[in-house]
Number of protein chains: 2
Amino acid sequence: MGFQETFKALSDPTRREILHLLRDGAKTAGEIGSHFDMTGATVSHHLSVLREAGLISDDRRGKYIYYELNLSVLDEITGWIAGLKGDRSDEA
Amino acid sequence: MGFQETFKALSDPTRREILHLLRDGAKTAGEIGSHFDMTGATVSHHLSVLREAGLISDDRRGKYIYYELNLSVLDEITGWIAGLKGDRSDEA
DNA sequence: GGAACGATTAGATGATTTTCTAAATATCTC
DNA sequence: GAGATATTTAGAAAATCATCTAATCGTTCC
């Protein structure tokens, strides 16, 4: 993890849309993929980028793999931004 | 502008450090560049990415170009994240 | 005007990224 | 176990990106 991976993950519109899709609950890779005009392999790749960034987690249930939002990493981002907005120069 | 450019701009560690450097006031391109072990041309490129993302603005004063933080775009980012954390499915 | 300095732009190169097709893995059902 | 379904992994191609060197632009000062 780290800001590097997180921001990189968020920099792709497909991946941001995936996060949006997961707002109202976990979805399978297939359900997520059906929202996009690209192959399942490509969606799978995006899911793995999001997973490596810690933005989603996966939950295997039988034949399906459910993905769900993981919001804690986003808190780190807002924290980083807040640190940028604070004007104290002794901060990390 | 748009999230695309903003997140992409934030995804590079050099650029995030530049933003950090500008927390306590405007600096010239040269001052910024002296903090990094890369050519001035490369730093200039990073500054232009940040400028196009709306994260910094430039102010030419004579021979020097001063760069300073532009925080409003960061507010849009925190707004987007907040929207992701809200669970209402009728939101944009 | 010309030299000196601060900074950007142009063009090239190697690395990374996005996407695809094809093949592989995992699970369920018969 | 074989076939069907859900998903990922492997490998390749095109696009984008970070970085460099060299050349250019803008300003100041003599």
Side-chain angles (χ1 to χ4, degrees), chain A residues 1-22 25-70 73 77, chain B residues 1-22 25-70 73 77:
Chain A
M1 293 191 239
F3 293 123
Q4 183 72 4
E5 281 148 313
T6 309
F7 280 121
K8 210 156 260 177
L10 291 172
S11 77
D12 183 274
T14 299
R15 291 194 287 263
R16 287 197 304 279
E17 200 171 339
I18 289 174
L19 295 180
H20 225 93
L21 282 174
L22 295 179
K27 285 191 168 53
T28 68
E31 286 172 327
I32 294 166
S34 70
H35 282 79
F36 298 97
D37 189 21
M38 49 182 73
T39 67
T42 299
V43 173
S44 184
H45 158 74
H46 284 305
L47 289 170
S48 99
V49 172
L50 288 168
R51 179 164 26 79
E52 275 158 35
L55 287 162
I56 60 178
S57 56
D58 53 352
D59 177 17
R60 182 155 228 143
R61 290 185 224 155
K63 208 161 47 158
Y64 302 92
I65 301 178
Y66 284 82
Y67 284 95
E68 64 186 336
L69 266 184
N70 193 354
V73 177
I77 297 296
Chain B
M1 292 191 241
F3 293 124
Q4 182 71 5
E5 283 149 310
T6 308
F7 279 121
K8 209 154 259 175
L10 291 171
S11 77
D12 183 274
T14 299
R15 291 196 285 264
R16 287 198 304 279
E17 199 171 340
I18 289 173
L19 294 180
H20 226 94
L21 282 175
L22 296 178
K27 286 191 168 53
T28 68
E31 286 172 326
I32 294 166
S34 70
H35 283 79
F36 298 97
D37 189 22
M38 48 183 74
T39 67
T42 298
V43 173
S44 184
H45 159 74
H46 285 306
L47 289 169
S48 100
V49 172
L50 289 169
R51 178 163 28 77
E52 275 157 36
L55 288 162
I56 59 176
S57 55
D58 53 352
D59 177 16
R60 181 154 228 142
R61 292 184 222 156
K63 213 161 43 160
Y64 300 92
I65 301 180
Y66 283 83
Y67 284 95
E68 64 186 336
L69 267 184
N70 194 356
V73 177
I77 297 296

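Any value given below was found using the heavy atoms of this structure, including those in side chains, with hydrogens, waters and symmetry copies removed. A, B, ... follow the sequence lines: proteins, then strands. Residue 1 opens every chain.
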Quick one: is [X] getting a side-chain N or O under 4.0 Å of the [N] phosphate, OP1 or OP2?
X	N	answer
Thr42(B)	dC20(D)	yes
Ser44(B)	dT8(C)	yes
His45(A)	dT7(D)	no

Proximal nucleotide (of [options]) relative to the [X] side chain:
X	options	result
Met38(B)	dC20(D), dT7(D), dT8(C)	dC20(D)
Lys63(A)	dT27(C), dA18(D), dT17(C)	dT27(C)
Tyr64(B)	dT27(C), dT21(D), dG6(C)	dG6(C)
Asp12(A)	dA26(C), dA7(C), dT18(C)	dT18(C)

Which pair of non-hydrogen atoms, one from Leu22(A) and one from Tyr67(A), has the smallest distance, and what is that distance?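 Result for this residue pair: CD2-O, 3.5 Å.
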Locate the shortest heavy-atom distance separating Gly54(B) from Val73(B); write the atom from each residue and the value.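 Heavy-atom minimum between the residues: O-CG2, 3.3 Å.
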What does [X] touch in the nucleic acid at a heavy-atom separation under 4.0 angstrom: a base, only the sugar-phosphate, or nothing?
X	answer
Tyr67(B)	sugar-phosphate
Arg15(A)	sugar-phosphate
Gly62(B)	sugar-phosphate

For Leu10(A) and dT17(C), what is the distance between atoms CG and C1' respectively, to the nearest whole Å?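 Answer to the nearest Å: 16 Å.
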By a strict heavy-atom criterion of less than 4.0 Å, which residues belonging to residues 26-35 of chain A are in contact with DNA chain C?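 Nucleic-acid contacts, sorted: none.
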Identified side chain to side chain contact (heavy atoms under 4.5 Å, CB included) counterpart of Ile32(B) within the set Ile56(B), Thr14(B), Ile65(B), Leu47(B):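 Answer after filtering Ile56(B), Thr14(B), Ile65(B), Leu47(B): Leu47(B).
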On DNA chain C, nearest-nucleotide positions of Lys8(B) versus Arg60(A): which is more 5'?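 Whichever sits nearer the 5' end wins; that is Lys8(B).
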